[in-house]
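Within every chain, numbering begins at 1; the chains are lettered A, B, ... in the order of the sequence lines, protein sequences first and strands thereafter. Quick note: numbers below take in every heavy atom, side chains included, and nothing from hydrogens, waters or symmetry partners.
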Amino acid sequence: MSPPIERSTPKLTRVVGALAEATGMRDAKLNELVRIGELGLLAEVLRVTGDRATLQVFEETMGVALEEPVARAGAPLSVELGPGLLGSVVDGIGRPLSALAAITGDFILPGANAPTIERAREFVFTSKVAVGAKVGPGDVLGTVPDRGGFEHRILVPPDRSGLIGKLFEGTRTIEAPIAELTDGTPLFMSHRWPVRRPRPIRARLDASRPFLTGQRIFDFLFPIAEGGTVAVPGGFGTGKTVIEQSLAKYAEADVVIYIGCGERGNEMAEVLHEFARLKDPRHCKPVLDRTVLVVNTSNMPVAARESSVYLGLTIAEYFRDQGYRAAVMADSLSRWAEALREIGSRLQEMPGEEGYPTYLASRAARLHERAGRVTCLGAPNREGSVTLISAVSPPGGDFSEPVTQSCLRVAGALWALDPELAHQRQFPAVDWHTSYSLYADAMGKALDASCDPGWTKARAAIIELLQRDGELREVASVVGPEALEDKDRLLLQVAAIAREIVLGQSAFDPTDAYSTPAKTFRLARAVLQLFDAGKAALEKGATFAELELSQARRALAMLRDAPEADFEARAAEVATRITTLWRGGPS
Amino acid sequence: MRVARSYRGARAAAGPLVYVGNAQRAALGEWVTLRAEGQPELRGQIIEAGRDVSVVQVLEDTLGLEPAAIEISLTGELANAIVGKDLLGRALSGAQDPRDGQPRPIGEAIRPLWGAPINPTQRLPPSDFIETGISAIDGMNTLVRGQKLPVFSGPGLPALELAATIVENARAPRGEPFAVVFCAIGITERETRTFLDRFTASGALERSVLYLNQAQDPTIERLLAPRAALACAEHLAFVHGLHVLVVLADITNYCEALREVAAAREEVPGRRGYPGYMYTDLASLFERAGVVKNKPGSVTQLPILTMPDDDITHPIPDLTGYITEGQVVLSRELHRRGIFPPVDVLPSLSRLMNAGIGKGRTVPEHRKWADQLYAIYSRGREARMMVAIVGEAGLSPTDRRALELAELFEKELVNQGTQRRTIGETLEAGWRLMDMVPREDLIKLSDELLASRRPQRDAAQRKEA
Ligand SMILES: Nc1ncnc2c1ncn2[C@@H]1O[C@H](COP(=O)(O)OP(=O)(O)OP(=O)(O)O)[C@@H](O)[C@H]1O
Ligand SMILES: [Mg+2]
């Protein structure tokens with residue numbers, strides 16, 4: 001190899017896909033941001049070799065030419081954190097998409113630039129500290145009412161401390177200081193944080209509190225903890241996005257960061273459209289008010305796909321640090337991993353399994369470690385959490401592939417989606433035989449205490465029913481169902497009802513899209529009661545053919561679809577109906 | 001953009017790639033022409049710009065090319081597409097040369113071939129349907145404006161015939177302005193001819209733009225043809241307000257071309273030799289569908305692909321399924337039994353269907369209608385599987401009934417030949433089938449809904465009697 005030509009001004013020497021090379025970069029730092037070309041496209045330093053640097057470019061590189069200039073920015077990729085984020089849509093490098101539309105129109109063109117939080121926007125700051133107070137990293141300086149009345153807490157940045165010299169309360173723009181330390185350092189409503197660096201915390205807490213999703217199959221069978229992590233792998237069309245969206249709408253979180261990572265533009269439009277109209281059942285406010293969207297659709301630059309996940313996690317950590325429960329919906333981590341692979345292969349790195357870089361597993365692990373329930377840095381004392389729900393898109397639906405496996409090694413729960421169930425229109429198409437949750441025991445205890453003391457027992461009974469159902473269906477597929485004993489045929493029927501009524505839940509049914517723990521429990525218990533009543537009737541000499549199960553099924557289906565206000569009364573009614581169905585012996 | 005500059009002699013050439021040394025200020029994507037004595041001019045574009053060496057991907061066949069003897073001109077421009085309403089009724093090659101013996105179209109504007117992503121905040125969620133005239137689609141898997149809904153076909157299955165039927169018959173439900181952009185990617189002469197004949201005979205040609213890259217045409221052109229087609233579709237939709245249906249056939253040939261280039265560049269191959277970036281590349285096509293705020297038109301895509309060996313887990317259908325909004329799956333068994341179109345509705349799904357049907361679009365009860373028919377049919381298909389285990393004689397009476405209904409569904413609803421059905425006719429065909437089903441088995445339908453249907457049902461039965 002010939003030595004690189006020494007040049008003082010940085011210039012591009014190679015452009016291929018999302019990758020560029022420049023000379024004149026001798027003292028460049030790893031992960032430093034640069035602006036390349038005449039349009040000033042944002043890029044990041046990945047490698048420095050002598051005078052040469054290799055860059056990944058976050059914008060479309062078509063038309064970028066050799067010898068175009070490179071300008072160093074010094075700082076790593078970071079995101080501005082402050083009020084005004086809620087309800088906004090940013091791309092993988094933190095540019096608000098509505099501001100980009102104002103610059104380049106309906107299509108995104110390279111070279112446009114806009115700050116994450118609009119400069120002219122005004123917020124009303126109320127201080128929580130006094131002049132002369134000693135403040136340190138993470139302390140709450142004051143509050144700002146944000147979108148939908150959300151109390152946005154203004155924090156001392158993690159790398160600042162001192163004595164408050166001045167305070168500026170009232171209506172301010174994001175650019176005006178709200179306080180000044182005695183050494184003259186101004187503090188603002190927003191601060192920047194590098195996206196690849198986890199924000200500091202005081203201490204990690206255990207995962208002991210349920211993170212209720214509003215989806216029966218998850219809350220009941222495969223629950224997750226606040227601060228937990230779940231991998232949701234499934235082939236195309238198995239319902240990953242519908243799950244992510246349902247959780248974004250209904251899960252018990254204060255803030256949701258929805259990362260559309262390498263997925264569809266129409267889905268993002270739908271989220272925006274629907275979330276602006278749909279009211280969250282607990283707060284009766286539009287779901288969008290508690291949502292931040294990070295969007296890199298599959299046709300947007302691949303490097304910004306890799307960064308979008310870190311950007312989203314950083315925003316989630318920022319809300320966690322304010323003392324809130326943040327949830328991150330990452331759809332899909334496979335696209336993040338593919339972005340790593342694409343860039344890695346252009347760098348001509350030694351490929352690991354299926355061409356993914358060898359550091360895939362360690363990066364996936366680090367990414368998952370950014371979730372958790374914590375004691376936040378700073379005063380007053382508060383707890384916050386980041387719960388991570390990641391969709392994974394395995395090629396051919398085969399879970400043995402590297403991305404699924406890397407996620408499974410670190411995630412606390414697996415919601416495995418099954419194309420067979422999706423074809424049967426059994427939604428959510430969660431395979432109850434292979435899915436699991438390491439949080440199940442702790443969450444069961446919590447729900448025994450908060451919902452009904454029978455929760456854990458009912459859960460065990462339903463699991464046993466499904467287990468037995470699986471075995472019997474295998475037998476039935478060989479000998480035909482007619483050949484089974486009556487009590488087994490009863491079990492098959494009841495299990496089918498459990499699958500339809502308890503596990504099945506239509507995301508598009510306005511009343512059933514969201515299920516409270518009480519509703520989940522009542523439905524499960526009613527199915528178990530039906531099973532018991534049926535067994536008792538058989539014991540008294542009835543035959544399976546005489547048991548009229550379709551009537552009970554219809555009653556349960558109607559109960560499931562009953563409006564929330566009526567639910568308890570109807571549930572009691574159905575319970576009595578079921579227990580008396582065959583009381584007088586076979587009808 | 002930049003000034004043109006010329007160089008004599010390339011460093012090397014291999015397959016569709018030419019390596020040029022010291023191409024000054026070469027830009028990624030820059031359009032290049034290559035000339036050699038006594039040979040037709042070749043065209044290409046820079047796919048890697050490097051100070052030492054830049055890589056040119058050549059559009060036409062490089063047979064007999066002598067690297068040292070060619071003159072390479074960098075044009076200073078990126079690849080463009082000529083677009084305009086005057087392209088309607090025209091047939092062009094994948095490289096946009098006329099294929100119909102008429103002069104080169106003048107066009108109204110030039111758009112970058114590669115397009116740009118629609119800003120997601122500027123998109124409108126798709127919300128209205130396109131009537132294809134096919135019951136299995138309109139009734140069961142409705143195509144929605146702004147959607148990308150591929151047809152998963154197998155070797156020898158009549159996907160192109162289905163596409164041709166749709167192109168002839170498709171219309172916007174309230175007669176809004178409608179156009180078709182058809183892009184042939186590596187299909188055979190015979191297929192092209194059949195397609196063209198039907199287009200001409202039905203008069204569909206007048207409202208269509210055709211981009212034809214046939215099997216004998218240069219492979220690399222296949223990578224550009226769909227992009228030219230989409231640029232044209234975007235122009236017709238977002239400048240002229242037309243609802244444009246883009247048919248791309250066959251995506252499998254496109255992917256083969258992609259693999260060929262990757263192999264020529266000695267890239268690390270991904271699954272089955274296809275490049276690791278195939279998802280991103282396909283997305284740069286399929287994501288060019290949609291509806292934009294404050295613009296009347298829409299771009300809807302109906303890509304057609306052939307699943308090698310009927311394998312739905314093959315990377316081509318698999319990655320396509322991960323990008324598109326559902327799929328229409330063709331069945332070899334239905335085709336064998338002479339059913340046209342041989343759409344298997346069980347694995348088929350239009351994910352945007354709910355947004356395009358219901359009150360004010362089709363009929364309020366459309367969803368329930370489709371769910372109920374789906375349930376009836378899938379029940380019957382289960383029974384058909386049982387036959388394989390226990391034999392026809394081993395079926396219970398209910399299973400036998402279910403089986404009969406499934407057969408009726410295939411014969412009466414799915415099967416329609418080339419005859420067009422309105423959405424009303426499709427719905428009626430479904431109701432007729434459901435009239436034969438006992439009430440307690442219609443679990444998806446409410447009493448109210450069935451009561452509202454009763455007068456028609458009784459009338460129909462009276463007529464039969
Ligand atoms: N809970 C549900 N209720 C009703 N229908 C559902 C549900 N979940 C999924 N579906 C159906 O399945 C379709 C596909 O779901 P979804 O878009 O979530 O798949 P996906 O796994 O995200 O696929 P991809 O990997 O291609 O993005 C939906 O359009 C819908 O028709
Ligand atoms: Mg999805």
Salt bridge flag under 4.0 Å for residues [X] and [Y]:
X         : Y         : result
Glu306(A) : Arg341(A) : no
Glu30(B)  : Arg5(B)   : yes
Arg227(B) : Asp281(B) : yes
Asp91(A)  : Arg305(A) : no
Asp371(B) : Arg425(A) : no
Arg439(B) : Asp447(B) : yes
Asp344(B) : Arg381(B) : yes
Arg265(B) : Glu48(B)  : yes
Glu287(B) : Arg264(A) : no

Tell me, for [X] versus chain B, whether the close heavy atoms (under 4.5 Å) come from the side chain, the backbone, both or neither.
X         : result
Ser393(A) : both
Glu342(A) : side chain
Glu274(A) : neither
Thr61(A)  : both
Leu97(A)  : both
Pro395(A) : both
Met62(A)  : both
Val478(A) : backbone
Leu272(A) : side chain
Tyr356(A) : neither
Glu401(A) : neither
Pro96(A)  : neither
Val15(A)  : both

Side chain, backbone, both or neither: which part of [X] has a heavy atom under 4.5 Å from chain A?
X         : answer
Phe286(B) : neither
Thr324(B) : backbone
Ile46(B)  : neither
Pro315(B) : neither
Gln327(B) : side chain
Ala355(B) : neither
Arg351(B) : side chain
Asn354(B) : side chain
Ile47(B)  : backbone

ask   = Do Thr280(B) and Glu338(A) have side-chain heavy atoms sitting under 4.5 Å apart?
value =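 Side-chain contact under 4.5 Å: no.
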query = So, Asp51(A) side chain and Gly24(A) main chain: donor-acceptor pair closer than 3.5 Å or not?
reply =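 Between the backbone of Gly24(A) and the side chain of Asp51(A) there is a qualifying donor-acceptor contact (under 3.5 Å).
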inquiry  = Atom CD of residue position Glu474(A) - does it have more than 12 heavy atoms of other residues, nucleotides or ligands inside 6.0 Å?
reply    = no
inquiry  = salt bridge (Lys or Arg N to Asp or Glu O under 4.0 Å) for Asp331(A) and Lys240(A)? Distances and angles first, verdict last.
reply    = CA-CA 8 Å; Asp331(A) 187 11; Lys240(A) 299 178 292 294; over 6 Å; no
Could you tell me which of [options] has the largest number of non-hydrogen atom pairs under 4.5 Å with chain A?
options                                    : answer
Pro120(B), Gly29(B), Gly326(B), Gly290(B)  : Pro120(B)
Asn119(B), Leu285(B), Asp311(B), Leu352(B) : Asn119(B)
Gly321(B), Ala375(B), Ala283(B), Pro117(B) : Pro117(B)
Leu349(B), Val292(B), Thr313(B), Ile323(B) : Ile323(B)
Glu440(B), Met386(B), Glu325(B), Glu382(B) : Glu325(B)

ask   = Going through the checks in order, is the side chain to side chain donor-acceptor pair (under 3.5 Å) test met by Asp399(B) and Ser396(B)?
value = CA-CA 5 Å; Asp399(B) 283 339; Ser396(B) 68; 3.3 Å; yes
message = Applying side chain to side chain donor-acceptor pair (under 3.5 Å) to Glu267(B) and Tyr277(B), what does each step give before you reach the verdict?
response = CA-CA 11 Å; Glu267(B) 290 171 6; Tyr277(B) 49 80; 2.9 Å; yes
